[in-house]
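Notes follow the structure.
Throughout, a chain's letter reflects where its sequence line sits, starting with A, and its residues are numbered from 1. Given the structure is predicted, the values throughout are model-derived calculations rather than measurements.
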Amino acid sequence: MKEFTLSSSSQSNEQESEPTISDVAILKGLNEQQREAVSVTDGPLQIVAGAGSGKTRVLTFRIAYLLQQKKAWPNQILALTFTNKAASEMRERIKQMAGPSAEKIWMGTFHSIFARILRYEAKHLGYNSRFSIYDSDDSKRAIKLILQELNFDIKQIKPRTIQNKISSAKNELIDPDTFKAKFISSSIDDIVAAVYPIYLQRLKQSNAMDFDDLLIKPIELFEKNKEIREKYQDRFKYILIDEYQDTNHAQYVVTQLLAQKHKNICVVGDDAQSIYSFRGADISNILDFQNDYPKANRIPLEQNYRSTKNILRAADSIIKQNEKQLEKSLWTDNHDGEPITLLENLNERDEANRVARHIGMLRMNKGYRPSDIAILYRTNYQSRVFEDALRRKNVNYQLVGGVSFYQRKEVKDVLAYLKMMVNPQDEESLLRIINEPARGVGAKSLQTIIQESRRHERPVWETLQQIQNVDLYKPAKSAIADFVHIIKAAQEKLEEGDLKEAADFILNKTSYLTQLVEENTHESLGRRDNVLELLNAIKYFEKEHDDATLTDFLQEVSLVSDLDKMEAGKPAVTLMSIHASKGLEFPVVFITGLEEGLFPMKRQDDDVDIEEERRLFYVAITRAEKELFLSHAKSRYKFGEEKRMIISRFLDEIDPNVVRTETGASINQRKGGFGRDKSDNPFRDAFSDELKPENRSRWKKPGSSSSSSRSVEYDDQSVTAGDFQVGVKVFHEKFGKGKIIAKEGGQEKTKVTVFFQQAGQKKLLLRFAKLRIVS
DNA sequence: GTGCTCCATTTTTTT
DNA sequence: AATGGAGCAC
C-alpha cells in the first residue's frame, strides 16, 4: 500500500522557500470583485461566478494567496474540483506562483480525494484498504443478480431503475431502514426496499464501494469516529469547492462536517449552470449554505471576459425565461462580435456535412484552428454522423465521452482479473471472469456455487476455495480448482512488485490473449489490441509513479473521467456532450440537434425538467467566445427509423435580433417565426408522430392494393400488414391480449405499438411478433 | 455447457 | 444500428 502523507506540519521543508512573486502582484490584474474573492480568506464565503467571469483564475489565485500569506501549509488546503484535469491544471498554475510545494495540496474530485481518505481509514469501516470500486456497470450487475435471486423478472423490473433509486437514496443519506419506513408508497419502492439492504451487504462482503459510497462512507466514518473526524477537521484549514451548484446532498454534508472546526469554506458556483440534478445535485445546497452561515460573505463575479456581446445577449435571453433563478447581471466589455448563425438542415447527415463545411470555411476564411472549434450535442450518440463527416473532410477531431475504452468488454475482463489479484472478495469481478474464457463453469454450476455462498453468508471466493465440499459437476470442479490456483499464483507474482509482469502472468495462465488471437477475426484482433493497450497503460503508470500499486492503478482507472482524457492543445476539433463541456471555452461553438424531444430532451413517460434543459442550453451558449452556430434538422434517425423533428422551443426563445440565417437574413422577418404551430403542445407533437392522422390514413383500408399493405411473411399467410390497424385487438404469445394504439414504418419494418392488458405498452416489429388478430 | 439465432429494447446527461 | 437476453440445437 502506498504511503499517505497525512501527518500534518511535519513535512514542510520546501515550505520555507520565498514566494516567487509578492502578494501585491497576485492581486494585480484582477478586477475589484475578483480581488475581494481572492483576499477575503477567512470565514465562510460564497462566490457567485457567472459564466466566463474568471472563476478558475480566482480559485487559483486564492490558493496561491493563502500559501503566500502563510495562512496554511499546502497539505492543509482541500480543493474539490469537478474533474481531475481541472485540478492538475490548477495545481500547475499554483506551482508557478507559489512554488513546488503546491504538489501537496489536497486537490482533486470529490471521488478521488475521498477514495484516498477511505483507503487510509478503511479498517475503521470494516473494509480493507484494497477495496474495489464498482462502476455503475458493476453496481447494475450486482443489483440484477439480487433481483434474480429474489425471483423478480428483470424484464419487468429493470435493474437500472432500482439502481437509480438506490443511488438517489444513498445520496440523500437515506439508509435502507429509513427507506423502508418512508418510501413504501409504490410497488417499485417495495422492491427497492427489499434490494437495497442486500445490495449494501453484498458490497461490504465484496470489499467493494460504489461511486456513491465514496461520498457517503466518509460521512459514516466521521460520524462514527470522533478521533478521525477531528483529525481531518483539524487538518483542512481551508476548504474550497468548485462547481458548487452541482454538488449533491452527500457532498454537502461531508464538506460541512470537515469545515466545522475552521469554518474557512469557500464555495464557487452559478445556479444558472446547474445541470446535474439527475445525479442529485440541488440548488438547495446553495440555499442551505446561506442558512448554515447567515453571515457568510457573498461575492458576485459579474464581468464576463469570455464572450462577445451578441453571445451574451443570446444567453441572457434564454436564461431569463427560467422562473427559478437568483438575480444577477452578467456584462462584458467585449465587442458585439458576429451575429449567431442558424443552420437549418434536412436531416442529421445534412447537419453534420453543413457543420463540417462551416468548419472548413472558418479555417480558410477566418484563420481558426481546429482546436478553436467545438461541436456540442445533447446526447453522445449524435457524435457518430459528425465523426463520419469530419473524417470524410479530413478534419482531425477528438471525441470526448461516449463509450470509453475502459467500458469495453475485453478491457473490463482484464481489469476484473487484476481486481481479483488485489481483492478476490470482489464478487462482480469474480463472476465476470470465472468463465471467461470459457472453462466449463456454466450457468448451472454457477448457480449452485452462489446458492452455497449465500447459505453460508460468505464471499463466493471462499466457496471456491472449498469447492471439494460442494456438490458439483466434476469437470466444473476441477476447472474451478485451476482457476483458484491461477489467481493465487498471480497474487504471489504481484507480491514481487512488478505490476505489468503480474498482469502478463495472469493473462498467460488464463490464455485470455491466446484465445483472442486464435479466434482470429477482425473483432477479436481489435479486442486483443485493446488488451495490449491496457497493458501498456499499466507499464506507463508504473513509470510515472514511484511505488505504484495495482490498487492505485485500478483506482485511477475507475475515477478518470472522460474529460480527463481530453487533450487541451491537440490540433483537432472537439466533439462532446454539453454536460462534458461545462467549464470549458472555445472560440467557435456549434450547438446541434436543437429539436423538440432531443434538446430539450424528453424521455418516455418522464417529465422534463424544462428549466434544467434551459440551463443546459445556457451552458452550451456560454462556452462560445467569438462565434456561435445553432443547428437543427427536420428529420433524424432514431432506433433505425426516420423521425420528423420539430424545431426546438429554445430557438423561439432566443433574442431574434442576434441571430441570422446562413444567408444573413434576419430570422425576425420569416413569416410565422419558425413555422411551428405554437398552440400545439410541442412535446406531444414530437413523440406522437405515429398517431397523426396523415400517418394513420396510409393504413386506412385493410386489404386495399396500396403498396403498404403488401403481404409480408406471417404464420398465417392470409393476414397482411394492412389488417393490423390502430384499434385492432391482438394476441401475443407472451404478452397476452392487447390493442394496437399506433403503427409506423412500412413493409418489412412495420412496427405496431400495442397496449397489453397485462404487460403494458410494447412496440413490436410486425414481421417477428407473431401477432394474432382477435375479435 | 457452448454457441448461435431470434427478438425486443434501447438513447439522456456522469463520478 | 447496436446491444443483450432467451431459447434452441449440438
Any protein N or O atoms within reach of nucleotides 8-10 of chain C? Criterion: under 3.5 Å, listing atom names and distances.
none

Exercise. Determine: side-chain N/O of N171(A) to OP1/OP2 of dT15(B), distance under 4.0 Å, yes or no.
Key: no
Practice problem: Kindly say if R279(A) contacts the phosphate of dT14(B), meaning a side-chain N or O under 4.0 Å from OP1 or OP2. | Solution: no
Quiz item: In Å, rounded to the nearest 0.5 Å, how long is the span from NE2 of H111(A) to CG of L80(A)?
Solution: 11.0 Å
Exercise. Establish, with yes or no, whether the OP1 or OP2 oxygen of dT15(B) is under 4.0 angstrom from a side-chain nitrogen or oxygen of S112(A).
Key: no
Self-check item: Distance flag, aromatic centroids of Y377(A) and H579(A), threshold under 6.0 Å
Solution: no
Quiz item: Rounded to the Å, how far apart are D246(A) CG and dT15(B) C1'?
Solution: 12 Å
Exercise. Write down the distance between CE (M576(A)) and P (dT14(B)), rounded to a whole number of angstrom.
Key: 11 Å
Quiz item: Whole-Å distance between dT14(B) C1' and N164(A) CG?
Solution: 12 Å
Quiz item: How long is the gap from CZ on F650(A) to CD1 on I591(A), to the nearest 0.5 Å?
Solution: 10.5 Å
Practice problem: Measure the distance from OH on Y637(A) to C1' on dT10(B) and round it to the nearest whole Å. | Solution: 18 Å
Self-check item: dT15(B) base stacked by F110(A) (centroids within less than 5.5 Å, tilt under 30°)
Solution: no
Quiz item: Given dT9(B), is OP1 or OP2 found less than 4.0 Å from the side-chain N or O atoms of K158(A)?
Solution: no
Exercise. Compare the aromatic ring of F278(A) with the six-membered base ring of dT13(B) and state whether they stack according to the 5.5 Å and 30° rule.
Key: yes
Exercise. Mind checking A443(A) for me? I need base, sugar-phosphate or nothing, with any heavy atom below 4.0 Å counting as a touch.
Key: sugar-phosphate
Practice problem: Could you check how far NZ of K638(A) sits from C1' of dT9(B), rounded to whole Å? | Solution: 12 Å
Which protein N or O atoms sit under 3.5 Å from an N or O of nucleotides 2-4 of chain C?
| from | atom 1 | to | atom 2 | distance (Å) |
| --- | --- | --- | --- | --- |
| dA2(C) | OP1 | R384(A) | NH2 | 3.2 |

Quiz prompt | Pair Y276(A) and F82(A), ring centroids less than 6.0 Å apart | solution = yes
Exercise. With the side chain of H111(A) defined as its heavy atoms from C-beta on, choose the nearest nucleotide among dT12(B), dT14(B), dT15(B).
Key: dT15(B)
Quiz prompt | R636(A) side-chain N/O to dA1(C) phosphate OP1/OP2 under 4.0 Å | solution = no
Quiz item: Of all the choices, dT11(B), dT13(B), dT12(B), which nucleotide is nearest to the side chain of H579(A) once you look at every atom?
Solution: dT13(B)
Exercise. Give, for atom NZ of K419(A) and atom CG of N207(A), the distance between the pair rounded to the nearest 0.5 Å.
Key: 12.0 Å
Quiz item: Separation of I449(A) atom CD1 from dG1(B) atom P, in whole Å?
Solution: 10 Å
Quiz item: Nearest of dT12(B), dT2(B), dT15(B) to any side-chain atom of A438(A)?
Solution: dT2(B)
Quiz item: Distance check: side-chain N/O of S577(A) vs OP1/OP2 of dT12(B), anything under 4.0 Å?
Solution: no
Quiz item: How long is the line joining CD of Q407(A) and P of dT11(B), in whole Å?
Solution: 12 Å
Quiz item: Are a donor atom and an acceptor atom from the side chains of S558(A) and D135(A) found within less than 3.5 Å of each other?
Solution: no
Quiz item: Salt bridge or not for D271(A) and R615(A), using N-O below 4.0 Å?
Solution: no
Exercise. Ignoring the backbone of T379(A), work out which of dT11(B), dT15(B), dT13(B) is nearest its side chain.
Key: dT13(B)
Exercise. Please determine if a side-chain N or O atom of N380(A) lies less than 4.0 Å away from the OP1 or OP2 oxygen of dT11(B).
Key: no
Quiz prompt | Residue K444(A), side-chain heavy atoms: nucleotide from dG1(B), dT13(B), dT11(B) that is nearest | solution = dG1(B)
Practice problem: Would you mind telling me which residue lines up with the more 5' stretch of DNA chain B, A580(A) or S445(A), judged by nearest nucleotide? | Solution: S445(A)
Self-check item: Which residue lies more 5' along DNA chain B, comparing Y473(A) with V560(A) via nearest heavy atoms
Solution: Y473(A)
Quiz item: Under 4.0 Å: is that the gap between some side-chain N or O of N435(A) and OP1 or OP2 of dT2(B)?
Solution: yes
